[in-house]
Amino acid sequence: MTFEDSRSGTPHDSAQVRSSARVLGQAVIARGGVRHLVDAATPVAVFLIGYQLFGTGPAVAATVTAAALLAGWRLRRGDSPKVVTAALVAVTAYSALVLFTGEGRAFFLPEILGCAVLTVAFGATLLRGRPLSLLVCQRLRIEPADADRSRIRKHRRLTAAWAVMWALHVLILLPLYAADQIAALAVATTLLGKPSVLIAVAASWVWVRKG
């Protein structure tokens, strides 16, 4: 389907969009979408269990060990070394922050800060009149470089939706952090992490391809 065809709005195009959405969902599963969700949840689960049962030090040691073992397993199954290394470094940094502060909740602070930064990033591009979703789609060649006004309006709405999503992440996680609710933070960051992002990416793709 060409770019022009995707904007025609005919029933045939709508059927193609629905078909493409199904294909996208199947592709996420085929590329290990569920597996990656488990990968992301494992260090958090290990940290939570270790923290609740044994305290900060053992929890950090168990989490870094689990992350290292998981990284080795992911490399063996052929995952990207860069992605695996980045994940391991992130878990190690989160764990180091816990040791530095002496607080278990610090493990989740980078997640909250990241959501805040993304909220500002998406919101700022709206104020500048250059929606971030449009820039990303143009970079990926999903949108033409000379997008017309209707496409820019569409991406303003899409970028606003992403900004709201990240803002909601902050509004949910920050009170839990302030209340030192470690278990609730673990559950919330797991559910609001990759699952919500995968859903948002899939919904954005369908929205962009739809006329």
Side-chain angles (χ1 to χ4, degrees), residues 24-122 162 165-204:
L24 181 62
Q26 294 168 356
V28 170
I29 295 175
R31 291 177 179 273
V34 175
R35 183 186 66 194
H36 290 311
L37 297 182
V38 174
D39 291 346
T42 298
V44 177
V46 171
F47 175 79
L48 176 61
I49 295 171
Y51 182 80
Q52 297 286 9
L53 295 179
F54 305 108
T56 301
V60 167
T63 301
V64 174
T65 300
L69 292 173
L70 183 61
W73 180 58
R74 292 179 64 184
L75 289 173
R76 283 177 60 87
R77 74 187 185 196
D79 285 5
S80 168
K82 289 184 179 180
V83 173
V84 173
T85 301
L88 178 58
V89 169
V91 172
T92 303
Y94 297 175
S95 300
L97 190 59
V98 172
L99 290 178
F100 179 76
T101 62
E103 297 183 339
R105 65 178 181 173
F107 187 83
F108 307 97
L109 182 58
E111 180 90 10
I112 300 172
L113 294 177
C115 292
V117 169
L118 287 169
T119 301
V120 173
F122 277 91
W162 274 91
M165 185 192 77
W166 292 120
L168 287 174
H169 280 55
V170 176
L171 291 175
I172 293 171
L173 297 175
L174 191 56
L176 297 176
Y177 180 86
D180 200 20
Q181 296 294 316
I182 308 298
L185 277 169
V187 173
T189 53
T190 299
L191 295 178
L192 295 176
K194 283 189 176 181
S196 67
V197 173
L198 286 173
I199 293 172
V201 168
S204 298

TODO: Going by the side chain to side chain contact (heavy atoms under 4.5 Å, CB included) test, name the single residue among Leu48, Thr42, Val44, Ile49 that passes it with Val46.
DONE: Thr42

- [ ] Return the minimal non-hydrogen interatomic distance between Gly193 and Glu111, and the atom names on each side.
- [x] CA-OE2, 4.3 Å

Task: Ser80 OG to Leu75 CG distance, which is reported to the nearest 0.5 Å - done: 9.0 Å

- [ ] For Thr63 and Ser95, work out which heavy atoms get closest and say how close.
- [x] CG2-OG, 3.9 Å

TODO: Rounded to the nearest 0.5 Å, what's the gap from CG on Leu113 to CG on Leu118? Could you check?
DONE: 11.0 Å

TODO: Answer yes or no: is there a side-chain heavy-atom contact under 4.5 Å between Arg74 and Val83?
DONE: yes

TODO: Quick one: sort the Phe107 and Phe47 rings into parallel, tilted or perpendicular, breaks at 30° and 60°.
DONE: parallel

Task: Point-to-point distance, once rounded to the nearest 0.5 Å, from CD1 of Ile112 to NE2 of His169 - done: 11.5 Å

Task: Closest non-hydrogen atom pair between Gly104 and Ile182, with its separation - done: C-CD1, 3.6 Å

Open item on the list: Nearest 0.5 angstrom please: Leu168 CG to Leu173 CG, how far?
Closed with: 10.5 Å

Open item on the list: Donor-acceptor check, side chain of Arg105 to backbone of Asp180, threshold 3.5 angstrom: yes or no?
Closed with: no

Task: Atom pair CG/CZ of Leu174 and Phe108 - distance to nearest 0.5 Å - done: 14.5 Å

- [ ] Return the minimal non-hydrogen interatomic distance between Ala183 and Gln52, and the atom names on each side.
- [x] CB-NE2, 4.0 Å

Task: Distance-minimising heavy-atom pair for Leu88 and Ala71 - done: CD2-CB, 4.3 Å

Open item on the list: Over 60° means perpendicular and under 30° means parallel, so tell me whether Trp162 and Phe122 are parallel, tilted or perpendicular.
Closed with: parallel

Open item on the list: For Ala106 versus Leu97, what's the shortest heavy-atom pair and its separation?
Closed with: O-CD2, 3.4 Å

TODO: Kindly compute the distance separating CD1 (Ile172) from CG (Leu185), expressed to the nearest 0.5 Å.
DONE: 11.5 Å

